[in-house]
Novice: 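Here you go, one structure.
All of these numbers come straight from a predicted model, not from anything done at the bench.
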Amino acid sequence: MTEINESKLLIVDDEPLNRELLRRHLSNSGYVNIEAVESGHQALEMLNSQSIDLVLLDMMMPSMNGLQVMEKLKSHAEWRVIPVIIISALNEKEMMLTCIQKGAEDYLIKPYDRVLLKARVSACLEKKNLHDREVLNKQKLEAAYKELALAYYELEVVKNELEALSHRDGLTGISNRRHFDNVLDREFKASQREKTYLSLILFDIDYFKKYNDTYGHLAGDDCLCRVADSANHVVKRPRDTLARYGGEEFAVILPDTDAIGANFCAEKIRREIEMLEIQHRSSDTSSYVTASLGVSTLSPHSKVLTYQQLIQEADIALYQAKREGKNQVRLWSSPDDVIS
């Protein structure tokens, strides 16, 4: 029983008898999908509309001979991979060589041997099938690479989002204490290395425990968020960092900022918080929520050896602001400094 082959074959021959004879031989060999046309022009039209796996091409045809048809095929990006078998009565070695050089897979002389025809057609189609599988596998591989690249990109996005979330305070959305410590350590080392100023502001909400006791913890959380948001409007430079230091306490890292600049920033934060006009009837300082702020500065020639010392100095200045009446800014000064 002849095995059925569904490859698409195209016969191009101007003689009806030749076309029919060749079709019959191919059909007897198991090929069921055969088209036949009488001219090169018709062949090119069919190639434009259908997918062809093999062309069996007569050499001597009017208007456009086989060699011209093959040149058209091999100059076309999509058609050049289609194998071509020349079937011709011309038994000239020079013509055979020319056809092979132009891209023909094979050259059969009429009258051809049917066994040889079957073998040549089978070999050409196997080569075409190998090429098609290679193209398909390449397309699948490219699609897999694209999917992998997309998955990697999405993974990076999620990773960056998780990284950003790990740096954020869950309530206020600003930097958390861990991120604050990492940034301050980095900026402190950069300041020492580059001999630049580095300032730190610590501030907390005055009488915040009383606020919570009076208005409840949900109102307290809302107050913290509003205070963080107002401070965030002041801290705008790319390298500046606003963080929740703990509880109702906040911190601001100001690289390349001297004491005057840090004091100006702290005072602006204090005013922004006061201007929120959040009612606080339990405060002994104001009828609104206020904050006290302490500032410390590392100068290019400072003897401060660790960033923890910078925090301690800002904390002392904050305590001084609290002790002297709250709702104010105080700059840390060493015992050797002259206090104006």
Side-chain angles (χ1 to χ4, degrees), residues 168-177 179-181 183-184 198-237 240-255 257-297 310-334 337 339-340:
R168 297 295 167 190
D169 175 61
L171 176 64
T172 62
I174 62 175
S175 296
N176 59 22
R177 174 63 183 273
H179 187 56
F180 164 82
D181 288 336
V183 172
L184 186 57
L198 172 64
S199 290
L200 174 66
I201 302 171
L202 289 182
F203 68 95
D204 71 7
I205 300 171
D206 298 326
Y207 299 109
F208 187 71
K209 184 179 183 304
K210 288 185 177 182
Y211 186 92
N212 271 337
D213 292 341
T214 302
Y215 299 99
H217 288 283
L218 288 178
D221 288 348
D222 182 65
C223 177
L224 288 172
C225 290
R226 293 180 66 186
V227 166
D229 189 55
S230 66
N232 210 23
H233 283 107
V234 178
V235 183
K236 294 180 178 179
R237 297 186 308 175
D240 294 346
T241 301
L242 169 67
R244 188 178 179 192
Y245 192 69
E248 73 274 20
E249 194 167 8
F250 299 85
V252 181
I253 303 170
L254 300 170
T257 305
D258 60 15
I260 296 173
N263 183 70
F264 178 82
C265 181
E267 182 59 34
K268 193 169 182 182
I269 291 172
R270 187 199 66 78
R271 290 197 306 270
E272 288 286 331
I273 294 171
E274 192 172 33
M275 288 170 60
L276 289 172
E277 295 186 349
I278 302 172
Q279 292 290 331
H280 191 351
R281 63 175 179 267
S282 300
S283 173
D284 296 333
T285 300
S286 169
S287 57
Y288 299 122
V289 166
T290 60
S292 300
L293 304 92
V295 179
S296 62
T297 298
L310 195 65
I311 295 173
Q312 184 179 14
E313 292 173 356
D315 196 49
I316 292 171
L318 172 58
Y319 177 76
Q320 183 182 358
K322 291 282 191 185
R323 188 181 56 195
E324 295 180 3
K326 301 180 176 59
N327 192 26
Q328 57 187 285
V329 177
R330 285 292 177 265
L331 273 65
W332 181 88
S333 58
S334 69
D337 290 340
I339 303 176
S340 57

Novice: Using the salt bridge (charged side-chain N to carboxylate O under 4.0 Å, His left out) rule, take Arg270 and Glu274 through it: C-alpha gap first, then chi angles, then the decisive distance, then the call.
Specialist: CA-CA 6 Å; Arg270 187 199 66 78; Glu274 192 172 33; 3.1 Å; yes
Novice: Taking ring-ring contact (aromatic ring centres under 6.0 Å, His included) as the definition, give me every residue that meets it alongside Tyr215, ordered by chain and number, with sequence neighbours left out.
Specialist: Tyr211
Novice: Just wondering, more than 12 heavy atoms not from Ile260 lying within 6.0 Å of its CD1?
Specialist: no
Novice: Is a salt bridge present between Asp169 and Arg177, judged by a nitrogen-to-oxygen distance below 4.0 Å?
Specialist: no
Novice: Between Leu171 and Leu224, is any pair of side-chain heavy atoms under 4.5 Å apart?
Specialist: yes
Novice: Between Thr290 and Thr285, do the side chains contain a donor N or O and an acceptor N or O under 3.5 Å apart?
Specialist: no
Novice: Apply ring-ring contact (aromatic ring centres under 6.0 Å, His included) to Tyr245 and list each qualifying residue two or more places apart in sequence or on a separate chain.
Specialist: Phe180
Novice: Just wondering, do Asp315 and Glu249 contact through their side chains at under 4.5 Å, heavy atoms?
Specialist: yes
Novice: Return yes when atom CD of Gln312 has more than 12 non-hydrogen atoms of other residues, nucleotides or ligands closer than 6.0 Å, and no otherwise.
Specialist: no
Novice: Would you list the pairs meeting side chain to side chain donor-acceptor pair (under 3.5 Å) in which at least one residue belongs to residues 222-235, sequence neighbours left out?
Specialist: none
Novice: Short question: side chain of Ser199, backbone of Thr257 - any donor-acceptor pair under 3.5 Å?
Specialist: yes
Novice: Using every non-hydrogen atom in the two residues, find where Gln279 and Val289 come nearest and quote the distance to one decimal.
Specialist: O-CG2, 4.4 Å
Novice: If only side-chain N and O atoms count, and only distance matters, is there a donor-acceptor pair under 3.5 Å linking Asn176 with Arg244?
Specialist: no
Novice: Can you tell whether the side chains of Lys209 and Asp213 come within less than 4.0 Å, N to carboxylate O?
Specialist: yes
